[in-house]
Amino acid sequence: MKISDRALGMETSPIRKLAPYAEAAKKKGKKVYHLNIGQPDIATSPKFMEAIRKFDQKVVAYGNSQGDVNLIKAIQKYYEAWGIHYETKNIYITNGGSEALEMAVFSLCDPGDEILVFEPFYANYTTFAKLGNAKITAVPTRAEDGYCMPDMATVEKYINGRTRAILLTNPGNPTGVVYSKQEMDMIAEIVKKYDIALISDEVYREFVYDGTYTSFGTYKELEQNLIMVDSVSKRYSACGARIGCVISKNKELCAQFMKLCQGRLCAPAVEQVGAAALYETPASYLEEVNKEYKKRRDTIAAGLAKIPGLVSSQPKGAFYVMVKFPVDDAEKFAIWMLQDFDVNGETVMIAPGNGFYATPGKGVDEARLAYVLNCEDLERAMALLAEAVKQYPGRKI
Ligand SMILES: *Cc1c(COP(=O)(O)O)cnc(C)c1O
């Protein structure tokens, strides 16, 4: 049997790649602090369970392809609070933000078309692009510059006749960067100049720790070019619900989303009821969560500052920080921590950075850390990490 080049060309998740080493370490009785995966430990808003318990229909039937009307209404209301107005016809409910990203790629790209990203970037973007036979073109950003965007002329060098979209995460995964007004204005200018799409992945919108957040949804001039990707996964700590949405004010794009929605019949019916209830979660829930993550952000930043030779951006949003370690190879370092290192039976797991880059050889000495542990555990993990850097045979200092 022949397997497709498309499937063979896909990569395994850099976040899950080292899982067998972690399993082996745990079997030996080691305690592993997981900084590698972005699964929040925050309790899901109880509104979700309440709504699911009340679900009492006789048949779990197919729903509307576009999505549950109540959920779409709830999302409209949510956006109004951000000063963004969407009509019902602009919003398509998807199987998580992941399917929203797939629909964006499928609607925009033919084989060989290009999607511009800023590297390091969310590794699954490569998977979504490859599914659509599209190509990722990566604009480099550097740890030393805090992973900020290069100037407009530099970005334009990566644009050509096959470029269909700019795809970005704001706040950023894996970098924790929140783009400035200037950076956003520059992106808007480029998008208009070349008349390409902007796929704005804003699933971490509420997770900003310094200052306020501006959504690309507020850019009037981008209305016809913007594809908004959103999800309840991170906002309400409901990753397993698999409910997201793709939003556009471009009529022609919406017609394509509708066909794709019809092709997969509908998004999960029961979970959509739960998700609609999530949007009734009081603002105080999100404020509490934000406060907790801010504490964690401060804890991890303080811990990282104490490790000599380490370069990191000040994490400003989401719950990640990308770090450049003074080591030969962050993947080897990560494996060594699981296999050969411990302090009183405890160690740390990190996500090697190379998987967040498209350019071969890049990010070899970098890693992504997710601060999804409570502050006490984070402090311990940082102390372990500092000790590991000191003892690692491939250290550069
Ligand atoms: C988690 C995540 C998503 C979407 O996840 P879903 O669970 O499919 O909604 C999308 N983009 C980024 C950058 C993420 O970190």
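In each ligand, atom 1 is the first atom listed, and ligand 1 is the first ligand listed. Nothing here was measured: the structure is a model prediction, and the numbers come from that model.
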- Could you point out which residue of Thr281, Leu278, Asp230 forms a side-chain contact (heavy atoms from CB on, under 4.5 Å) with Arg235? Asp230
- Message: Please identify which of these residues, Val343, Leu373, Val348, meets the side-chain contact (heavy atoms from CB on, under 4.5 Å) condition with Arg380.
- Response: Val343
- Task: Return the set of residues passing salt bridge (Lys or Arg N to Asp or Glu O under 4.0 Å) with Asp210 (not counting sequence neighbours), or none when no residue passes.
- Result: Arg297
- Query: Should we say atom CD of Gln182 is surrounded by more than 12 heavy atoms from elsewhere, each under 6.0 Å from it?
  - Reply: no
- Item | Matching residue for Ile75 among Thr88, Ile93, Val232 - test: side-chain contact (heavy atoms from CB on, under 4.5 Å) | Ile93
- Could you pull out every protein residue that has a heavy atom closer than 4.0 Å to ligand 1, ordered by chain and then number? Gly96, Gly97, Ser98, Tyr122, Thr169, Asn173, Asp201, Val203, Tyr204, Ser231, Ser233, Lys234, Arg242
- Query: Does the ring of Tyr392 carry Arg395 above it, NZ/CZ under 6.0 angstrom from centre and within 45° of its axis?
  - Reply: no
